[in-house]
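Reviewing the structure listed below.
Side chains are part of it too, since the values below use all heavy atoms of this structure and drop only hydrogens, waters and symmetry mates. These figures come from a predicted structure and were not determined experimentally.
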Amino acid sequence: MSAEIICVGTELLLGDILNGNAQFLAQQLAQLGIPHYYQTVVGDNPERLKQVIEIAISRAQILIFTGGLGPTPDDLTCETIADFFQAPLVEHPEIIEDITQKFAQRGRVMSPSNRKQALIPQGAEILPNPTGTAPGIIWQPRPEITIFTFPGVPSEMHPMWKETAVPFLKSQGWGKEIIYSRSLKFWGIGESALAEKVASYLKLPNPTVAPYAGKGEVRLRVSAKANSETAAEALIAPVEKQIKEIAGLDFYGINDDTPASVVGELLRASRETLSVAESCTGGGLGQMLTEISGSSDYFWGGVISYDNSVKVRLLGVNQEDLDKFGAVSATVAEQMAIGVKTRLSTTWGLSITGIAGPTGGTDTKPVGLVYVGLAGPKDEVASFEYHFGAARGRSLIRHVSANAALDNLRRRLLTR
């Protein structure tokens, strides 16, 4: 038995709204151990929605709909489902009373169009909506098919799922097994290179291991199916340990870890401090660091030295070196790191200078060329050169530049 998620709304197809409901439901299904192999997005069109239902019932036994339960003419989910299964719609006075009370609590009178939300297929159970006016349904139009409908508003759908749908599914025997996942994160290695290193693990049946990449980093999702989270973690633990050993310093964290949070914990543990000097990232590195709660324990501040005069006056970069090597150079990156470390009196100084584009590149210094400087507590200094490529775009170049800088500091903190 498997589930299929069907999200209804033309606004989803147009990209006006991010489809977070599908992600939420996918995670929730995993926690119940319910496999799901397909997700569908369809516009507010009855005929196309019927086509989707026809396909879905041929490959899944649980159909979960979100969206299209409102009072407007284009909200057609419930009546289309009823029409597909040739069931009449029945008006429920208790739903009208609930909607009327909710309007009254807001000092308003229920619109006649809201009566439409009280119509549900004959034989369906009401799935209560504690906050909004659109109830959902739990319905078994055929013995082998169970249908859930939810409004598209996440703040309404989430409690409806947790308070009613989950208990119902557990009463049907689901939830005895779960699918639990851990995301292992890597920086400084490509997806294909990592996949080659851990190739034997990608064939495991339980836990399973799958690679995926995004925004400069690579992840391995390790998922186990078991009767409890503890049992799943026990299956995952030895595989995780072996993969970490294979990856070495390329592994940096798990789940919600970021390069900034990992560096922060290392600095806090060693009671050391950090300051940053940024050019092409324009404060992005400092923002990553200060997004971490408690970062004031180790992050003291930074300088956004976009103009060369700031590099010279505030960071002490040598004007002759600027003229000779240019602002985007290893020499200037190192001097920026030394300068911010010295002026802010921190243990470490970290700098970034580069060409984020889309303009400013040359044949010798193309868009995507970035230098990172790192100055340490024993007057050591180093620089690192990156070629991120113009195709990544300005925003992504800035993002990966900041994380690359943090990764260099992480490696240095772990290997000194």
Establish, from distance only, whether the side-chain atoms of Ser111 and Ser113 form a donor-acceptor pair under 3.5 Å. yes
Before you tell me yes or no, could you show the steps for Gln335 and Lys311 under side chain to side chain contact (heavy atoms under 4.5 Å, CB included), namely the whole-Å CA-CA distance, both residues' side-chain angles and the distance that decides it to 0.1 Å? CA-CA 9 Å; Gln335 290 181 27; Lys311 295 179 177 69; over 6 Å; no
Do you know which two heavy atoms are closest between Ile246 and Val198, and how far apart they sit? CG2-CG1, 4.3 Å
Evaluate Phe251 against Ile243 for side chain to side chain contact (heavy atoms under 4.5 Å, CB included), listing each step before the verdict. CA-CA 9 Å; Phe251 167 81; Ile243 289 174; over 6 Å; no
Which heavy-atom pair separates Gly326 from Lys365 by the least distance, and what is that distance? CA-NZ, 3.9 Å
Backbone N or O of Ile338 within a donor-acceptor pair of the Thr342 side chain at under 3.5 Å? yes
OG1 of Thr281 to CD1 of Ile304: how many Å apart, nearest 0.5 Å? 8.0 Å
Under a 4.0 Å threshold between the charged nitrogen and the carboxylate oxygen, would Arg411 count as salt-bridged to Asp250? yes
Quick check: does any side chain N or O of Arg343 sit under 3.5 Å from a backbone N or O of Leu314, one acting as donor and the other as acceptor? yes
Among Val340, Leu344, Thr346, Leu289, whose side chain to side chain contact (heavy atoms under 4.5 Å, CB included) with Leu274 holds? Leu289
Interatomic spacing from CD in Glu79 to NZ in Lys116 - rounded to 0.5 Å: 5.0 Å
Measure from the side-chain N and O atoms of Ser223 to the backbone N and O of Thr208, and report whether any donor-acceptor pair falls under 3.5 Å. no
Flag side-chain contact, heavy atom, 4.5 Å: Ile397 against Val367: yes
Tyr252 ring centre to Arg410 NZ or CZ under 6.0 Å, with the angle to the axis within 45°? no
Show your reasoning for whether side chain to side chain contact (heavy atoms under 4.5 Å, CB included) applies to Trp348 and Leu413. CA-CA 10 Å; Trp348 297 90; Leu413 290 167; 3.7 Å; yes
Angle between ring planes, Phe150 versus Trp161, binned at 30° and 60°: parallel, tilted or perpendicular? tilted
Please tell me if the side chains of Phe65 and Leu49 come closer than 4.5 Å, counting only heavy atoms from C-beta onward. yes
Non-hydrogen side-chain atoms of Tyr38 and Ile55 separated by less than 4.5 Å: no
Rounded to the nearest 0.5 Å, the CG atom of Asn45 sits from the OG1 atom of Thr10 at a distance of 8.0 Å
For Asp16, I'd like to know if atom CG has over 12 heavy atoms of other residues, nucleotides or ligands within 6.0 Å. yes
Please check: side-chain N/O of Glu278 versus main-chain N/O of Gly283, any donor-acceptor pairing under 3.5 Å? yes
Min side-chain heavy-atom separation Thr131-Val153 under 4.5 Å: no
Can you check whether Ile254's main-chain N or O pairs, donor with acceptor, with Asp257's side chain at less than 3.5 Å? yes
Does a salt bridge link Lys102 with Glu156, judged by any charged N lying under 4.0 Å from a carboxylate O? no
Do you know the tightest heavy-atom contact between Pro259 and Leu406? CB-CB, 4.0 Å
To the nearest 0.5 Å, tell me how far His387 NE2 sits from Ile355 CD1. 10.0 Å
Return the minimal non-hydrogen interatomic distance between Glu272 and Tyr298, and the atom names on each side. O-CB, 3.4 Å
Any donor-acceptor pair under 3.5 Å linking the side chain of Asp297 with the backbone of Arg268? no
Less than 3.5 Å apart, any donor N or O on the side chain of Asn403 or Glu217 sitting next to an acceptor on the other? no
When you compare the side chain of Met160 with that of Pro151, does any pair of heavy atoms fall below 4.5 Å? yes
Over 12 foreign heavy atoms within 6.0 Å of CZ, Arg416: yes
Closest non-hydrogen atoms of Met1 and Gln61, given as atom of the first, atom of the second and distance, are CA-OE1, 2.9 Å
Should we count CZ of Arg59 as having more than 12 external heavy atoms under 6.0 Å? yes
Is any side-chain heavy atom of Val332 less than 4.5 Å from a side-chain heavy atom of Asn308? no
Show your reasoning for whether side chain to side chain contact (heavy atoms under 4.5 Å, CB included) applies to Ile120 and Trp139. CA-CA 10 Å; Ile120 69 171; Trp139 188 31; over 6 Å; no
Measuring from Ile62:CD1 to Ile57:CD1, what's the distance to the nearest 0.5 Å? 14.5 Å
Please report the interatomic distance CD(Glu11) to CG(Asn19), rounded to the nearest 0.5 Å. 9.5 Å
Of the options Val328, Ile352, Thr353, which is the one that meets Val370 in a side chain to side chain contact (heavy atoms under 4.5 Å, CB included)? Ile352
Hey, are Lys241 and Glu245 close enough for a salt bridge, meaning a charged N less than 4.0 Å from a carboxylate O? yes
Please confirm whether the backbone N or O of Phe84 pairs with a side-chain atom of Lys50, one donor and one acceptor, at under 3.5 Å? no
Taking the side chain as everything from C-beta on, heavy atoms only, tell me whether Gln117 gets closer than 4.5 Å to Leu69. no
Give a yes or no on whether the backbone of Asn255 and the side-chain of Lys185 come within a donor-acceptor separation of less than 3.5 Å. yes
Nearest heavy-atom pair of Tyr37 and Ser2: which atoms, and what distance? CE1-CB, 3.7 Å
Check this for me: Lys244, atom NZ, are more than 12 non-hydrogen atoms of other residues, nucleotides or ligands nearer than 6.0 Å? yes
Using atom types as modelled and distance alone, determine if a side-chain donor or acceptor of Arg219 lies under 3.5 Å from a backbone N or O of Tyr212. no
Does the side chain of Glu94 reach to within under 4.5 Å of the side chain of Asp98, using non-hydrogen atoms? no
Check the pair Thr347, Thr273 against side-chain hydrogen bond (donor to acceptor under 3.5 Å, both in side chains), reporting the backbone distance first and the verdict last. CA-CA 5 Å; Thr347 315; Thr273 55; 3.3 Å; yes
Glu320 atom CD, neighbour heavy-atom count above 12 within 6.0 Å: no
Identify which one of Leu169, Ile179, Ile178 satisfies the side chain to side chain contact (heavy atoms under 4.5 Å, CB included) criterion when paired with Ile34. Leu169
